[in-house]
Amino acid sequence: MPHDDFPPASVWLVGAGPGDPELLTRKAARLIAQADIVFYDALVGPGVLDLIAPGTTRISVGKRSGRHSRDQGTIDTLIVAAALEGHRVVRLKGGDPAIFARSAEEVAACTAAGVPVRICPGITAASAAVASAGVSLSLRGLARRVVFATAHARQGVPLDMDWTTFAAPDATLAIYMGRAAAATIARQLIEAGRSPDTPILIVVDASLPSERLVRGRLSALAFLVDAISTNDPAVLIVGEAVASEARRIDALSRAQQADA
């Protein structure tokens, strides 16, 4: 079936998911294959990049902690310029473009230049992380809300987060870019009232063959993160929903008895 949603001189912001190409949406795979030029992030999996058609121009604009190949303004300019030259442009982003991916800035740049731009969602790292661990971000009776947060802050600027809200025992925290701030995160959550024994899950390279799962408790978060290479992308999950099966069953049973 032909598609007319990707004409020349237009842009799609495409979610590449956590890395496994089988976790791409069918739409994302089609748009990648149709592109004339692809600007891709550092965290896009190699299997996803393999879907780019031969002859398509591919440009890395990846940003890793402390190592930015392009600043955001330059990326915006490159995307807009490519579209104005008549190309079908894919801006390929790890995970989901709507979660800590600065897609709003790229949409604004395209719109200001009169370039048609649309967004194709993807699976975010936190969803892939808990799926790999066989657990959930929410849990009836124990984890009634899920909070997505980024612990990335500009150099020299203290991490400013709503620690009181995050410390609520019924919240699951999915923390992106949290490696460098792990000690601060653990200390602030505990000081705000979160139990030091709160289960944590650290997932490195979610969905990829190199994936690793590290379990522990909040008080040990900084120690556990230090054991992971600084080159490995990781997502931090905090909350009862990611506890061991036995602990989840016990806690859920107690919660149900309290509700009875």
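These figures come from a predicted structure and were not determined experimentally.
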Show me, pair by pair, the donor-acceptor contacts under 3.5 angstrom made by side chains of residues 199-210, not counting sequence neighbours?
{"unit_1": "Asp205", "atom_1": "OD2", "unit_2": "Ser210", "atom_2": "OG", "d": "2.7"}
{"unit_1": "Ser207", "atom_1": "OG", "unit_2": "Asp20", "atom_2": "N", "d": "3.1"}

**Study point:** Heavy-atom side-chain proximity of Lys93 to Phe100 below 4.5 angstrom
**Key:** no
Check your understanding: Are any of the side-chain heavy atoms of Pro18 and Leu23 separated by less than 4.5 Å?
Key -> yes
Check your understanding: Short question: side chain of Trp163, backbone of Glu191 - any donor-acceptor pair under 3.5 Å?
Key -> no
Practice item. Looking only at non-hydrogen atoms, find the nearest pair between Thr172 and Ala241 and report the distance. Key: OG1-CB, 3.8 Å
Check your understanding: Would you find a donor on one side and an acceptor on the other, under 3.5 Å apart, between the side chain of Ser103 and the backbone of Pro97?
Key -> yes
**Study point:** Min side-chain heavy-atom separation Val115-Thr111 under 4.5 Å
**Key:** no
Point to revise | Contact summary for Ala133 and Arg215, nearest pair of heavy atoms | key: O-NH2, 3.3 Å
Practice item. Supply the atom-to-atom distance Ile75 CD1 to Phe39 CZ, rounded to the nearest 0.5 angstrom. Key: 9.5 Å
Check your understanding: Given Val38, which of Thr57, Thr56, Val89 fulfils the side-chain contact (heavy atoms from CB on, under 4.5 Å) condition?
Key -> Thr56
**Study point:** Backbone N/O of Gly73 and side chain of Asp71: donor-acceptor pair under 3.5 Å
**Key:** yes
**Study point:** Non-hydrogen side-chain atoms of Ile175 and Thr150 separated by less than 4.5 Å
**Key:** no
Check your understanding: Under 4.5 Å between any side-chain heavy atoms of Trp12 and Val117, yes or no?
Key -> no
Review point. Taking the side chain from Thr25 and the backbone from Ala28, do they hold a donor-acceptor pair closer than 3.5 Å?
Key: yes
Practice item. Measure across Ala16 and Leu92 and return the closest heavy-atom pair with its distance rounded to 0.1 Å. Key: CB-CD1, 3.8 Å
Review point. Is any side-chain heavy atom of Leu51 closer than 4.5 Å to a side-chain heavy atom of Leu24?
Key: yes
Review point. For Arg30, does the CZ atom have more than 12 heavy-atom neighbours from other residues, nucleotides or ligands under 6.0 Å away?
Key: yes
Practice item. Give every residue pair that meets the side chain to side chain donor-acceptor pair (under 3.5 Å) criterion with at least one member in residues 120-133, sequence neighbours excluded. Key: Thr124-Tyr176, Ser132-Glu211
Review point. Is the closest basic N to carboxylate O distance between Asp76 and Arg91 below 4.0 Å?
Key: no
Check your understanding: Is there a donor-acceptor pair closer than 3.5 Å between any side-chain N or O of Arg58 and the backbone N or O of Leu49?
Key -> yes
Review point. What pairs with Tyr40 under ring pair (Phe, Tyr, Trp, His ring centres under 6.0 Å), at least two apart in sequence or on another chain?
Key: none
Review point. With a 4.5 Å heavy-atom cut-off, do Leu218 and Asp197 have their side chains touching?
Key: no
**Study point:** Student check: side-chain heavy atoms of Gln72 and Glu106 closer than 4.5 Å
**Key:** yes
Check your understanding: Do Arg88 side-chain atoms and Ala9 backbone N/O form a donor-acceptor pair below 3.5 Å?
Key -> no
